[in-house]
Amino acid sequence: MSKKKNKLEAIDLNAYYGDFLALKNINVSMEENLVTAFIGPSGCGKSTFLRTLNRMNDYVDGFRVQGQILLDEQDIYRKEVQVDELRKQVGMVFQKPNPFPKTIYENVIYGLKIQGISDKTLLQETAEKTLRQTTLWDEVKDKLHKSALALSGGQQQRLCIARALAISPSVVLMDEPTSALDPISTAKIEELIYELKKNYTIIIVTHNMQQAARVSDHTAFFYMGELVEFAKTKTLFTSPKETRTQNYITGRFG
Amino acid sequence: MSKKKNKLEAIDLNAYYGDFLALKNINVSMEENLVTAFIGPSGCGKSTFLRTLNRMNDYVDGFRVQGQILLDEQDIYRKEVQVDELRKQVGMVFQKPNPFPKTIYENVIYGLKIQGISDKTLLQETAEKTLRQTTLWDEVKDKLHKSALALSGGQQQRLCIARALAISPSVVLMDEPTSALDPISTAKIEELIYELKKNYTIIIVTHNMQQAARVSDHTAFFYMGELVEFAKTKTLFTSPKETRTQNYITGRFG
Amino acid sequence: MKLTEKIIEGLLWLSAAITILVTVGIIWVLLSESVAFFSEVSVIEFFTDTEWTPLFDVKRFGILPLLAGTFLTTAIAIAVALPIGLTIAIYLNEYADASFRAVIKPLLEILATIPTVVYGFFALTVVTPFLQQLIPGLAGFNALSAGMVMGIMIIPMISSLSEDAISAVPKSLREAAYGMGATRLQTAFGVMVPAASSGILVSIILAISRAVGETMIVAIAAGQQPRLTLNPLVPVETMTTYIVQVSLGDVPHGSLEYRTIFAVGITLFIFTFALNNISFWIKKKYQEKYD
Amino acid sequence: MTNADRNRLKDKAFQFFGIFCTFIGLAVLAVFLIDILIDGIGRIDWEFLNNLPSRRAHRSGIYTAWIGTLWILLLTTIIAFPLGIGAGVYLEEYGKKSRMATILEINIANLAGVPSIIYGLLGLEIFVRLMALGGSLLAGALTLSLLILPIVIVTTREAIKAVPRSIRDGSFALGASKWQTVWYQVLPASFGGILTGVILALSRAVGEAAPLIVIGALAYVPFAPASPMDEFTVLPIQIFNWISRPQAAFTTNAAAAIIVLLVITFILNGIAVYLRHKWQKRIKW
Amino acid sequence: GPQYSEDADFSLTGSISIDGSSTVYPITEAVAEEYRYHAPNVRTTIGVSGTGGGFKKFSRGEIDISNASRSIKESEAEDARANNISYLQLSVAYDGLTVVVHPRNTWVKDMTAAELKKIWEPEAQGKITRWNQIRPEWPDQELHLYGAGVESGTYDYFTEAIVGKSHSSRGDYTASEDDNVLVQGVSTDPYALGFFGYAYYEENKAKLKAVPINDEDDSNGAGAIMPSLATVKDGTYAPLSRPLFIYVNSTAAQKQHVVDFLQFYFEEVPELTQEVGYIPMPLEKYKQELDKLKAFVAETAKKP
Ligand SMILES: Nc1ncnc2c1ncn2[C@@H]1O[C@H](COP(=O)(O)OP(=O)(O)OP(=O)(O)O)[C@@H](O)[C@H]1O
Ligand SMILES: Nc1ncnc2c1ncn2[C@@H]1O[C@H](COP(=O)(O)OP(=O)(O)OP(=O)(O)O)[C@@H](O)[C@H]1O
Ligand SMILES: [Mg+2]
Ligand SMILES: [Mg+2]
Ligand SMILES: O=P([O-])([O-])[O-]
């Protein structure tokens with residue numbers, strides 16, 4: 001499909017919540033420095049799959065996976081993998097902006113602080129760099145030590161992205177990052193995604209098909225726990241192979 | 001727009017929750033024996049408007065309206081109107097089926113019972129009649145005295161409609177009556193709506209534009225508390241006058 | 001890193017496990033002393049004899065008089081608290097607007113925060129003299145005024161737990177009733193209260209349990225005479241008062257008299273334990289229903 | 001009169017009855033408070049707060065009692081606070097759905113319903129006799145700590161529960177461990193709620209008399225305790241003692257001491273309400 | 001802070017634990033309170049366990065001084081010996097055990113010792129429950145009894161004097177070691193009958209009515225006799241007059257602050273006795289008691 005390197009790869013992946021099979025035999029690879037979008041109706045397993053990619057579901061009772069997830073060709077579900085190390089490589093941004101109820105500055109450097117980094121200059125430089133990357137710097141530089149909760153929803157979400165970037169991940173997972181935002185903030189984040197893909201591999205879940213079409217290089221369509229179709233975004237939206245995909249993108253259900 | 005009689009009419013209607021203006025200067029009339037659909041993105045005020053039509057928001061703290069709502073040319077917000085009388089004329093069906101935790105029979109006759117009617121035969125006749133009207137009779141006639149909670153979601157919703165019809169209203173308000181139901185139950189309810197409009201004036205809120213297109217005669221599009229466009233359903237979906245309507249029905253937002 | 005995590009988790013586990021230790025401690029203390037007690041006094045005598053004079057020469061170990069005293073004060077308290085508390089719950093939920101509720105609920109909660117010695121003081125110095133003017137022959141220590149004051153104390157318990165139960169009923173049910181033209185009263189008693197009945201029941205059971213275990217009010221105002229009677233006008237003794245009475249008298253450790261307070265204690269414990277478990281179980285059941 | 005009219009009338013009637021019931025509790029409360037104020041306020045002065053107990057009512061003060069109460073508050077906080085929070089954190093964040101957690105939960109619910117006097121019996125056997133602490137402050141504080149532990153645990157859990165899942169997710173996603181997430185995010189975010197609960201629990205402890213009577217807190221302690229091993233008395237016990245005296249002057253003393261006790265209780269509750277309010281305002285998820 | 005008298009002795013330190021009789025309590029409490037001004041650093045605690053309760057602790061060596069409204073029993077003395085405890089009994093005052101009713105009780109003018117026995121003996125339990133069972137002309141009303149608890153010396157003394165056997169009575173009455181509770185009970189209950197130490201009556205005269213007692217023995221005063229300073233002193237108030245005591249532990253008697261306290265006790269007690277409502281002994285009697293104390297202290301000091 002393309003010649004880039006596979007950053008992440010799922011092989012024969014099944015995922016269960018207790019007895020419920022939420023993901024059925026998923027095989028897919030996500031390439032480096034591209035944006036991959038997951039679409040599909042509510043409850044189809046998009047978020048579940050996304051969260052297996054950095055093992056965020058580890059703490060969910062009764063959740064377990066079969067099969068493999070390879071990150072740079074290494075299975076992330078091996079025994080010896082430390083989840084905290086994994087998550088430093090695979091950052092995540094959530095549907096609702098979830099800044100910590102602390103200052104903006106503390107939010108950005110949180111990931112570094114818990115790694116035990118206390119070098120002031122380093123922390124400040126990183127904070128500035130990532131806030132610039134997320135185009136927030138000019139908006140917040142005067143209130144770095146004010147509560148992050150006072151920011152607007154869109155700013156909060158960019159702060160959450162900045163926070164994720166501060167620990168220098170190579171992959172960023174985004175679960176409907178704009179669904180709680182207004183159109184203007186949404187546009188800003190979409191731009192940002194476009195910028196970020198130069199340096200990061202990005203995987204985004206979205207409900208909004210137009211958004212998938214706009215920002216992603218590849219799109220995966222999930223339906224009831226199955227990966228129905230995976231293709232270049234253009235191909236998938238213009239000439240889907242499967243009727244279910246077809247029905248979905250024309251608004252027949254969902 | 002048509003020659004039927006105006007059953008319900010809103011004149012310069014504003015509605016507030018405390019200081020928040022939820023409905024802005026709404027003017028619209030709903031004609032007798034037709035189905036009028038309200039569509040619009042989440043939070044635009046559809047439900048609020050629907051609930052002003054039988055004063056369901058009376059007990060909501062801080063809620064107040066300005067302007068008039070005429071039912072058969074009489075303002076329902078006049079001092080001397082008794083809300084219980086009003087609600088006997090304007091029945092309501094809700095988003096989630098909400099049968100009382102009682103038997104099916106008790107559910108249907110509840111409205112009559114609280115009016116003090118205790119004539120057994122009359123109650124039984126009404127129950128049977130309305131259950132037949134809602135095509136439930138054959139499904140439930142053997143378990144009339146079993147709990148209504150044991151019914152399926154679609155049956156429960158039809159029971160709720162039956163319950164509303166039992167007190168012989170002339171208008172039935174429905175707030176997303178199928179959004180919690182599966183496609184088959186949805187189809188049944190849509191059919192039912194089609195049947196009912198012979199005898200009742202029906203006003204329905206829906207998120208599903210296809211549904212509005214299928215069941216309604218007129219459609220009103222709300223956006224951020226305003227009534228943006230009101231027209232024959234066909235006209236509105238095929239040649240909307242307003243760009244906001246256009247954007248919405250083509251899925252640009254919402 | 002991993003090790004500190006484990007140690008911390010262990011410490012946290014330990015603090016949680018201490019609560020088990022407390023329960024075990026309570027049961028062990030009550031059991032060990034009462035086993036010694038029941039080796040000298042038969043259980044049958046304990047539950048059937050109609051007189052309680054363990055401290056006297058003619059020793060009788062029938063707990064019935066103490067049970068009667070406890071039952072009497074509890075019944076009076078519930079008779080006061082239940083109608084008032086439930087009405088308040090319905091009124092606040094169905095009629096009052098949010099701002100009124102926001103003011104009244106914390107005010108009512110004050111009733112529950114007042115130390116019980118204070119209630120005892122009222123019962124003895126205000127309520128009893130007042131009642132004596134209405135009821136000639138009312139003894140200075142009596143079950144009536146102690147029970148009534150205890151009832152006042154547990155009003156907020158019934159009202160707020162019942163209110164919670166009524167609020168937990170899905171709003172859609174209320175709307176359904178309103179939508180059919182029901183009045184608020186019809187909605188409240190025809191739909192909300194029946195739907196919340198298990199929660200209301202829980203509130204009543206917990207209130208009973210509270211009243212059964214209440215000590216200072218009855219110790220101060222209800223008297224100290226074990227008496228097998230349901231007459232609310234004379235001094236009675238509850239299980240809790242008996243324990244206080246003996247504690248004040250400082251009966252020496254290890255004697256049969258000393259063990260009586262544990263025999264009474266375990267009886268009290270079993271009663272409240274049963275009530276609490278019933279309520280816990282009902283609550284679990286109805287919570288599942290709504291989730 | 002039609003049926004509908006009758007229904008509306010009943011509706012109105014119940015509304016008035018509801019108002020009546022709501023206010024009767026408050027009216028009784030008001031009568032109580034006013035009565036107490038009339039009885040006792042005149043008795044409160046510097047001397048009263050500063051005098052040792054005496055056989056003469058007018059010379060008798062609550063010095064030892066309120067010092068004892070402060071000691072009890074302090075010791076109970078030191079004991080119950082860390083234990084309660086630890087247990088609450090464990091149950092909410094660690095032991096979520098394990099069998100052990102279910103047992104603990106039922107157990108705590110049960111403990112919360114055990115009458116306070118039973119805790120007195122526990123304290124009497126374990127702390128007073130077995131650990132030979134006698135009727136000391138420490139024995140009293142340990143007893144009361146166990147008594148309020150369930151309240152602290154339950155309120156801690158509620159406060160922790162109120163911290164949205166998304167905050168934890170945010171922290172985990174940045175590579176934080178469980179304890180780091182708890183320590184840096186969950187506890188700070190729920191601290192207001194926890195503190196509120198602890199203070200409410202303390203206000204309960206301040207008013208308890210029964211368990212302390214059972215463990216043998218003395219009536220006549222004419223000196224202020226100076227160490228946790230000293231014998232003591234507290235306000236509720238001093239009040240109980242004065243109430244049981246028939247002379248009117250001691251009743252007045254009791255009323256005055258009640259005012260002091262109520263002031264302490266109300267201050268604690270007030271702080272709790274204030275904190276809760278402030279915290280709710282500060283953090284809007 | 002607490003005040004001190006001018007000649008306060010701050011050098012004396014230590015603690016004194018006292019327990020026992022509630023009847024004697026007011027006297028010892030008064031002394032202890034005055035002593036506080038005199039020796040502020042001596043910590044005195046006084047419990048009210050009743051005479052019996054006090055002796056139990058005393059004979060285990062748990063307390064320094066025991067208040068008692070009766071003499072130590074042989075069994076209690078044996079316990080003390082078993083624990084190697086020697087002690088000294090000192091008389092401190094006289095008491096007239098007073099039988100009381102509610103002030104609105106119009107029918108009781110006097111009672112005989114025999115009538116009291118009929119009410120209080122064990123056989124009365126559950127049977128003698130109405131006033132007219134005592135004298136037929138008294139009203140047909142429930143009889144509510146209030147009396148000393150079993151740990152109290154008053155109980156022992158009363159049962160001994162009235163029932164004829166110490167520690168033996170009916171059990172279905174409001175029994176409390178704390179006489180204040182009894183005062184409150186009787187003073188608020190029109191159908192009450194109770195008994196307790198004279199001081200508690202004296203202090204609450206307005207709310208109580210004392211009952212003259214006829215021992216039907218004219219040799220010590222004819223007819224029913226009211227308890228009072230005079231009738232107790234001259235012995236005509238019989239059979240319910242009695243002496244009150246304190247008991248001192250020998251180990252405690254070697255401690256300077258305890259001795260100082262006891263000396264203070266006997267200097268002040270004649271006056272304080274009267275103040276709290278009991279009947280003081282003749283002054284020379286107090287002198288004798290003080291001498292006994294001194295001798296006891298000297299003697300115990302010699303022992304190893
Ligand atoms: N913690 C959980 N426990 C049990 N089942 C779960 C859990 N989380 C999700 N599921 C179930 O797994 C399925 C997939 O859920 P998932 O959240 O992945 O869907 P989704 O495609 O992200 O939907 P949405 O678009 O609504 O976010 C759903 O049926 C859901 O009910
Ligand atoms: N009880 C209430 N108090 C305050 N604001 C309210 C209340 N109910 C609704 N609103 C606000 O009024 C606006 C309109 O709400 P409404 O429920 O009418 O929207 P809607 O179009 O029905 O949305 P949806 O499709 O999500 O049901 C929203 O902004 C909502 O937040
Ligand atoms: Mg999702
Ligand atoms: Mg709506
Ligand atoms: O004086 P007593 O308390 O022992 O009766």
Side-chain angles (χ1 to χ4, degrees), chain C residues 5 8-9 11-13 15-16 18-20 22-23 25-26 29-30 84 87-88 90-91 95 104 106-108 110-111 113-118 120-122 124-126 152 155 183-186 206 209 213 215-216 220 240 243-244 247-248 250 253 261-262 265 268-269 272-273 276-277 280, chain D residues 7-8 10-11 14-15 17-19 21-22 24-26 28-29 32 35 83 86-87 89-91 94-95 104 106-111 113-118 121-122 125-126 129 146 149-150 153 177-179 203 207 209-210 213-214 216 236 239-240 243 251 254 258 261-262 265 269 273:
Chain C
E5 289 278 321
I8 287 167
E9 180 167 352
L11 286 176
L12 295 175
W13 179 85
S15 5
I18 280 182
T19 60
I20 301 265
V22 174
T23 308
I26 288 175
V29 162
L30 293 178
I84 297 180
T87 304
I88 292 176
I90 292 171
Y91 175 76
Y95 291 82
I104 285 296
L107 278 181
L108 281 172
I110 293 178
L111 284 172
T113 63
I114 290 180
T116 53
V117 266
V118 180
F121 178 85
F122 284 124
L124 191 68
T125 65
V126 180
I152 303 277
I155 285 175
T183 64
R184 291 175 292 188
L185 186 67
Q186 287 171 326
L206 288 178
S209 164
T215 306
M216 296 316 290
I220 291 171
T240 51
I243 298 174
V244 166
S247 303
L248 287 171
D250 204 77
H253 178 57
I261 61 176
F262 290 88
L268 175 65
F269 179 76
T272 53
F273 184 82
N276 293 334
N277 275 285
F280 188 80
Chain D
N7 286 336
R8 270 174 231 136
K10 281 189 208 159
D11 189 61
F14 185 82
Q15 180 165 16
F17 184 60
I19 295 174
C21 283
T22 308
I24 193 156
L26 295 178
V28 171
L29 179 68
F32 282 7
D35 177 74
L83 276 184
V89 168
Y90 179 80
L91 287 173
Y94 287 84
L104 281 169
I106 296 174
N107 181 51
I108 289 166
N110 262 312
L111 282 181
V114 171
S116 60
I117 197 159
I118 301 280
L121 292 176
L122 176 73
E125 284 282 277
I126 303 289
R129 304 230 183 262
L146 298 187
L149 197 54
I153 295 175
S177 68
K178 204 152 191 168
W179 175 245
S203 89
I213 289 174
V214 175
I239 292 166
F240 176 61
I243 291 174
T251 308
I258 284 175
L261 178 62
L262 285 180
T265 313
N269 277 286
V273 170

Chemist: Roughly how far apart are D:Leu83 CG and C:Ile18 CD1, rounded to 0.5 Å?
Modeler: 4.5 Å
Chemist: Please report the closest heavy-atom contact between C:Gly25 and D:Leu122, naming both atoms and the distance.
Modeler: C-CD1, 3.4 Å
Chemist: When heavy-atom pairs shorter than 4.5 Å are enumerated against chain D, which of C:Thr116, C:Val126, C:Ile20, C:Ile114 gives the highest number?
Modeler: C:Ile20
Chemist: Just give me the residue among C:Leu30, C:Leu124, C:Val22, C:Ile155 that pairs up with chain D most often, heavy atom to heavy atom, under 4.5 Å.
Modeler: C:Val22
Chemist: Indicate the atoms forming the closest heavy-atom contact of C:Leu248 with D:Phe240, along with that distance.
Modeler: CD1-CE2, 3.8 Å
Chemist: Can you list the residues that meet the side chain to side chain contact (heavy atoms under 4.5 Å, CB included) rule with C:Tyr95, with sequence neighbours excluded?
Modeler: C:Tyr91, C:Arg184, C:Leu185, D:Asp11, D:Phe14, D:Gln15
Chemist: Just so I understand: if I count every heavy-atom pair under 4.5 Å between each of D:Ile126, D:Leu121, D:Leu26 and chain C, which residue has the most?
Modeler: D:Leu121
Chemist: Is C:Thr125 in contact with chain D via its backbone, its side chain, both, or neither, using a 4.5 Å heavy-atom distance?
Modeler: side chain
Chemist: With sequence neighbours excluded, what pairs up with D:Asn7 under the side chain to side chain contact (heavy atoms under 4.5 Å, CB included) test?
Modeler: C:Thr183, C:Gln186, D:Lys10
Chemist: Working to the nearest 0.5 angstrom, can you tell me the gap between C:Thr19 OG1 and D:Leu111 CG?
Modeler: 6.0 Å
Chemist: Among D:Gly25, D:Ala209, D:Gly95, D:Gly113, who wins on heavy-atom pairs under 4.5 Å with chain C?
Modeler: D:Gly113
Chemist: Please classify the contact of C:Phe280 with chain D as side chain, backbone, both or neither, using a heavy-atom distance under 4.5 Å.
Modeler: side chain
Chemist: With rounding to the nearest 0.5 Å, note down the distance linking CG in D:Asp35 to CZ in C:Phe121.
Modeler: 6.5 Å
Chemist: Give the minimum heavy-atom separation between D:Cys21 and C:Ile84, together with the two atoms involved.
Modeler: O-CG2, 3.8 Å
Chemist: Where does C:Ile26 contact chain D at under 4.5 Å (heavy atoms): side chain, backbone, both or neither?
Modeler: both
Chemist: Mind listing the closest non-hydrogen atom pair of D:Tyr90 and C:Glu9 along with its distance?
Modeler: CD1-O, 4.3 Å
Chemist: Where on D:Ile153 is there a heavy atom nearer than 4.5 Å to chain C: the side chain, the backbone, both, or neither?
Modeler: side chain
Chemist: Heavy-atom distance under 4.5 Å to chain C: side chain of D:Ile108, backbone, both or neither?
Modeler: side chain
Chemist: Mind ranking D:Leu146, D:Thr251, D:Ile106 by heavy-atom pairs under 4.5 Å with chain C and telling me who comes out on top?
Modeler: D:Ile106
Chemist: Begin from the C-alpha positions of D:Val114 and C:Thr272 and carry the test side-chain contact (heavy atoms from CB on, under 4.5 Å) through to its verdict.
Modeler: CA-CA 7 Å; D:Val114 171; C:Thr272 53; 5.7 Å; no
Chemist: Counting heavy-atom pairs closer than 4.5 Å to chain C, which one of D:Ile24, D:Thr265, D:Ile118 comes out on top?
Modeler: D:Ile118
Chemist: Do you know which of D:Val273, D:Val214, D:Ile239 has the most heavy-atom pairs under 4.5 Å to chain C?
Modeler: D:Val214
Chemist: Using 0.5 Å steps for rounding, measure from the CH2 atom of D:Trp179 to the CD atom of C:Glu5.
Modeler: 9.0 Å
Chemist: Between C:Val117 and D:Ile243, what is the shortest heavy-atom contact and its length?
Modeler: O-CD1, 3.8 Å
Chemist: Need one label for D:Phe17: side chain, backbone, both or neither, based on atoms under 4.5 Å from any heavy atom in chain C.
Modeler: both
Chemist: Report the option among C:Gly213, C:Pro115, C:Ser209 that has the most heavy-atom pairs separated by less than 4.5 Å from atoms of chain D.
Modeler: C:Pro115
Chemist: Just do the side-chain contact (heavy atoms from CB on, under 4.5 Å) check on C:Ile8 and D:Lys178 with the steps written out, would you?
Modeler: CA-CA 10 Å; C:Ile8 287 167; D:Lys178 204 152 191 168; over 6 Å; no
Chemist: Can you tell me how far the CD1 atom of D:Ile117 sits from the OG1 atom of C:Thr240, to the nearest 0.5 Å?
Modeler: 5.5 Å
